[in-house]
Amino acid sequence: MDGITNRNPTMKKHLFLILLILFPFFASAQSSNFNSHIQQARNMNMQMQRQNQQWASERSRADQQWFMQTMMNRQSMSKIQLTEKKIAKEEKNKKKLEEKNAKLNSELEQQKKQLETLEHSDKNLNEDTQKSIEKAKQKIAKSEEKLTQSKGELETSSKKIDDLKNENTILLTKKSELEKKEQEEKARKQSQEDINKALLQNLKTN
């Protein structure tokens, strides 16, 4: 009994010494593990910051592109509306010229018939008849000049309308392309946002 009592303090001393010896190792392991967690947290934070900066830069570029495309689309739409107004105005002008041409042509035909009647009214033309014939010829010459001028104006108007319609077709094509790019950019932007959210969630999880 006394032997057991005597050994027990000795065992306690040995156990205490062992604990003293091992304590620095445990403390070092705990400290190393803690430092490792801190370093991982710092690395993850830095990675998230870099990723956020990259996403912010991408969003800024995408927003600028979106703004430019929207402005170009608006400008294109304004040009189309302006061109369509010009076409409508010129088509009204063309219609008036067509009516004017028809009227001048009708008057010219009547004047030619009158001249023909005068020339065949009498085989022996007197002085008054001769003067009337000369006046009729002068009148016809002026009418022909007016008709020629009016036909030129009509031709110019028709060409102007064709040019405006071609211009409008080009503008409509560009507008369609811009709208397509705008939709593609919108889809790309949404897709990138989804990817960014997924990456951010993955970083947080890890």
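On a predicted model such as this, the values are computed, not experimentally measured, just so you know.
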Worked verdict on K112 versus E144 for side-chain contact (heavy atoms from CB on, under 4.5 Å): CA-CA 11 Å; K112 286 180 177 181; E144 286 176 340; 3.7 Å; yes
Distance in Å, [X] [atom1] paired with [Y] [atom2], rounded so as to fall on 0.5 Å steps:
X	Y	atom1	atom2	value
D163	N168	CG	CG	12.5 Å
S158	E91	OG	CD	10.0 Å
I87	I161	CD1	CD1	8.0 Å

Steps toward side-chain contact (heavy atoms from CB on, under 4.5 Å) verdict (E167, K86): CA-CA 11 Å; E167 181 183 346; K86 288 181 178 179; 6.0 Å; no
Which pair of non-hydrogen atoms, one from [X] and one from [Y], has the smallest distance, and what is that distance?
X	Y	value
L171	S76	O-OG, 3.6 Å
S150	L97	OG-O, 4.0 Å
L147	N101	CD1-O, 3.6 Å
T83	L164	CG2-O, 3.4 Å
E116	H120	O-ND1, 2.8 Å

Within 6.0 Å of CD in E145, more than 12 heavy atoms from elsewhere: no
Greater than 12 external heavy atoms within 6.0 Å of E155's CD: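 No, because the 6.0 Å sphere around CD of E155 holds 12 heavy atoms or fewer from other groups.
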Any side-chain heavy atom of [X] within less than 4.5 Å of one from [Y]?
X	Y	result
K95	E99	yes
N93	E90	yes
K146	E107	no
Q81	M77	yes
L108	L104	no

Distance-only polar pair, side chains of Q111 and S143, donor-acceptor under 3.5 Å: yes
Main-chain N/O of K165 paired with T169 side-chain donor or acceptor, under 3.5 Å: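 The answer is yes, because a donor-acceptor pair under 3.5 Å joins these two groups.
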Same cluster (ILVMFWY, side-chain, under 4.5 Å), I140 and L118: yes
Step-by-step side-chain contact (heavy atoms from CB on, under 4.5 Å) determination, K89 to K85: CA-CA 6 Å; K89 183 179 179 180; K85 286 180 180 179; over 6 Å; no
Presence of salt bridge, K175 and E179, under 4.0 angstrom: yes
